[in-house]
Amino acid sequence: MSAPPAARRGPLLLGVRHHGPGSARAVRAALDAARPAAVLIEGPPEGDALLPLAADPGMRPPVALLAHAADDPGRAAFWPLAAFSPEWVAIRWAQEQEVPVPVRFIDLPAAHTLAARSGADRDEAGSDEAGSEEAGSVRLDPLAVLAETAGYDDPERWWEDVVEHRGDGAADPLAAFEALAEAMGALREAYGDGGHARDGVREAYMRQRMRAARREFGDGYAVVCGAWHVPALGARTTAAADRALLTGLPRTKVETAWVPWTHRRLARAGGYGAGVSSPGWYAHLFAARDRPVERWLTKVAGLLREEDRQVSSAHVIEAVRLAGTLAALRGRPLAGLTETLEAARAVMCDGSDVPLALVEDRLVIGDVLGEVPEGAPVVPLQRDLSRQQRSLRLKAEARQRELELDLRKDTDAAKSLLLHRLRLLGIGWGTPAASRGSTGTFRETWRLRWEPELSVRVAEAGIWGTTVVAAATAKAEAEAAGARELGEVTALAERCLLAGLPRALPAVLRALADRAALDTDVGRLAKALPALARALRYGDVRGTDASALATVAGGLAERICVALPPACAAGLDAQAAAELRGHVDAVHGAIGLLDEEGLRERWSAVLGALAGRDRVPGLIRGRAARLLLDEGRLPAEETARLMGLALSPAAAPPDAAGWIEGFAQDGTLLVHDERLLGLIDTWLAGVPESAFTDVLPLLRRTFGAYEPGVRRSLGELVRRGRSPKTAPGGAPAGFAPALDPSRADAVLPVLGLLLAGPPA
């Protein structure tokens, strides 16, 4: 039998599961019973100065302690804490006492941890996370080993049965910690360090801090750390041996801050090398002191009702009964997450996994985002960003949401500028999305989601300036100076106009003019023009002066008009022809946005030259003819003549198939113009059998890209042949053979009112 708390000697070692609600409750009960004179917690000592902020009313977990190298903010580490984390409970316990108890971090300093890590060790978010294993090492999962020893195939289920469902341990709050320490000691004896290559150094530093605490408080202090470390911290070692392990460690200057964290981010293995797969469930277990299953299934019912599913109180009652029955059949002391989800699927979701996936995403994981007090230390750029977020009422949220902006409104335009500036700085809070219901340039749609890693991005961007606009301007100028290709500079010019950075434009335009003058590759010129055209279009909507950009764009378009025909007639293979066809489409769309006098006529002349030259690949000739036809610059008779020449028996079948692919890229034209369809049908029927197998893959690629409805309509037209219901001149019955300009112009006033949109 365990000795009563008063008979125990030495420091109180509380081995916990990071982010474990059962451990958190047990830690509070143990601290209440032992009343230690000080509390030492696994974490970087650089965070000691920030611990008083944990008592601030504005601090709401989940939060994380962020440490980053002062000279390289991207080299960073997080120590996340949730409301149900034992470390957070210990911190708050110490601060809530009538006479506050000293609380300190004792893990290896972040100054050593970050100095030992290179850029290659960073995770995909650009930051390291505390406790992550070294590359190539295989970490032992103590919970998995203990669960397997106990006959469980699921470590989470074993932990729930042994810890989460056992209560607060009122009889002896320390008994569970002693048992867990004994189990970890046996595991370390059997497996050594379990693949934790750095743990020896970390534990040596923790023991040094414990010796310092003993000199100050005697043995009346408590240590809250991962259960894996308890045997090492209780082992008898000499101070000299520990100092030897710590000698010569690299060091760097670091800065620390509290940053908001999310439940979704807790679901990934990160801080302390630990992650929990169900943070929302654990938060519920920690907060629900009684009847957790009933309260949980009530939450599930509420969520499903919000999604318009018919769920009544009777469903909740039956789900609770089913969960309890499943737990009893499986010999579990209480229904766990597995049983509650199975009961919810059977009773509330009609056996479907689709609504259950929503429950798992919204409740089992959740989108809870913590908060940090406004007075907490942050980099100046973060302070300016927070000010703008409050001013524009753009709240950072962990859950993804869509934001529709009307750029004719001042507030929406300001939101757009902020989001574009952040994207230029590499802070991807918002992602542009296609606007629904409108193609006007005055509308923007964004998908917003604030991830904790963005705090590191803000710290990294702080090297460019202390405000968002200054930092974005400085970074744009630096990127313009370092850009090597014309396309990079044109894309940057577009981003500067979208972000409203007039001070950066002179440097960007200088770089643009220099590279445009030296670049002779028509492909790179064609890639660059669309970005400039879009930038000019957005500049008009936003009221930005882009006259200098218009001059550069006009010159670029002129060079493309001169260089494109020779480039298309230079013996291109199929791949090169397809690439140039894409450039032709892009330039055509871009020139349609430019407002330079005579430019469209010159471009139409270029397309006419391409459509009529035999040396140009059929793919490009067909595309040029189609663009001219759509623009009304190529008569139907001339189009039919060009098609007849391209599909004549003298033309090589692959070249003819390429012409069709370029011309008939959109099958809607063939559905509504039976004459053109008849030409293609006649040509295809006359292709020799020997050449048909070469042409067929090209045709399948062309017609296979059509919408199913278009393919079905074409099949019906070919099956029944030419429609008898046609008027003279080839027009369908009920339609004139040619357009009546006076009747067509009559719809323009109404069309103008529709496209004008709502008043600003």
Side-chain angles (χ1 to χ4, degrees), residues 41-83 85 87-88 90-92 94-95 100 102-115 125-130 251-262 265 270-271 369-391 394-396 398 422 425-427 429 450-468 470-471:
I41 296 175
E42 181 183 342
E46 292 92 343
D48 286 351
L50 301 178
L51 281 172
L53 287 171
D56 191 295
M59 180 77 83
R60 184 173 66 87
V63 293
L65 187 65
L66 165 65
H68 64 82
D71 58 347
D72 181 11
R75 191 149 42 103
F78 296 100
W79 284 262
L81 297 169
S85 298
E87 297 84 359
W88 180 262
I91 293 170
R92 295 297 297 124
Q95 294 171 337
V103 56
R104 298 166 187 171
F105 287 124
I106 62 167
D107 203 352
L108 188 70
H112 299 310
T113 303
L114 296 179
S127 62
D128 292 309
E129 299 212 18
R251 189 179 187 89
T252 187
K253 184 179 179 181
V254 301
E255 297 176 357
T256 56
W258 286 112
V259 297
W261 207 248
T262 65
R265 193 63 181 82
L369 175 66
E371 295 181 3
V372 174
E374 293 185 8
V378 293
V379 296
L381 182 62
Q382 177 67 66
R383 191 174 296 111
D384 180 63
L385 174 58
S386 299
R387 178 188 61 79
Q388 293 194 53
Q389 287 174 325
R390 290 192 302 271
S391 173
L394 271 178
K395 184 179 180 181
L422 293 177
L425 288 170
I427 305 170
W429 178 21
W450 185 268
E451 297 285 359
E453 291 85 353
L454 296 179
S455 299
V456 177
R457 300 298 190 201
V458 175
E460 285 183 294
I463 64 174
W464 299 106
T466 57
T467 65
V468 174

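For this chain, numbers begin at 1 and follow the sequence in order.
In this structure, Leu50 and Pro377 have side chains that are in contact, with non-hydrogen atoms separated by less than 4.5 Å. Pro44 has its side chain within reach of Leu65: a pair of non-hydrogen atoms, C-beta onward, lies under 4.5 Å apart. Residues Pro373 and Met59 form a side-chain contact, since some pair of their non-hydrogen atoms from C-beta on lies under 4.5 Å apart.
Considering CZ of Arg75 and NE2 of His68, their distance stands at 11.5 Å, rounded to 0.5 Å. In this structure, the separation between CD on Gln382 and OG on Ser455 is 6.0 Å, given to the nearest 0.5 Å. Atom CD1 of Ile41 sits about 9.5 Å away from atom CG of Asp48, to the nearest 0.5 Å. We find the CD-CG distance between Glu46 and Asp107 to be 10.0 Å, quoted to the nearest 0.5 Å. Distance check, rounded to the nearest 0.5 Å: CD1 of Ile427 to CD of Glu453 gives 13.5 Å. Taking CD from Glu460 and CG from Leu381, the interatomic distance works out to 11.5 Å, rounded to the nearest 0.5 Å.
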Could you go step by step and tell me if Leu385 and Leu422 meet the side-chain contact (heavy atoms from CB on, under 4.5 Å) rule?
-> CA-CA 9 Å; Leu385 174 58; Leu422 293 177; 3.9 Å; yes

Asp384 and Thr466: CA distance, side-chain angles, deciding distance, side-chain contact (heavy atoms from CB on, under 4.5 Å) verdict = CA-CA 7 Å; Asp384 180 63; Thr466 57; over 6 Å; no

side-chain contact (heavy atoms from CB on, under 4.5 Å) between Trp258 and Leu81: does it pass, once the steps are laid out?
-> CA-CA 10 Å; Trp258 286 112; Leu81 297 169; 3.9 Å; yes

Under the side-chain contact (heavy atoms from CB on, under 4.5 Å) criterion, do Lys395 and Gln389 qualify, and how do the steps go?
-> CA-CA 6 Å; Lys395 184 179 180 181; Gln389 287 174 325; over 6 Å; no

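Judged by distance alone, the side chain of Ser85 and the main-chain N or O of Ala82 form a donor-acceptor pair under 3.5 Å. In terms of modelled atom types and a separation under 3.5 Å, the side chain of Gln95 and the main chain of Val103 share no donor-acceptor contact. Put simply, the side chain of Arg60 gets close to the backbone of Leu369: a donor and an acceptor are under 3.5 Å apart.
For Phe78 and Trp261, the ring centers sit closer than 6.0 Å to each other.
A pairwise comparison of heavy atoms in Asp56 and Gly58 identifies OD1-N, 2.7 Å as the closest pair. The shortest heavy-atom contact between Pro260 and Gly370 is CB-O, 3.3 Å. Closest approach of Ala110 and Trp79 over heavy atoms only: CB-CH2, 3.9 Å. In this structure, Ala76 and Leu66 approach most closely via the heavy-atom pair CB-CD1, 3.7 Å. Annotation for Trp429 and Ala396: closest pair CZ2-CA, 4.0 Å, computed over non-hydrogen atoms. Of all heavy-atom pairs spanning Pro45 and Pro109, the tightest one is CD-CA, 3.6 Å.
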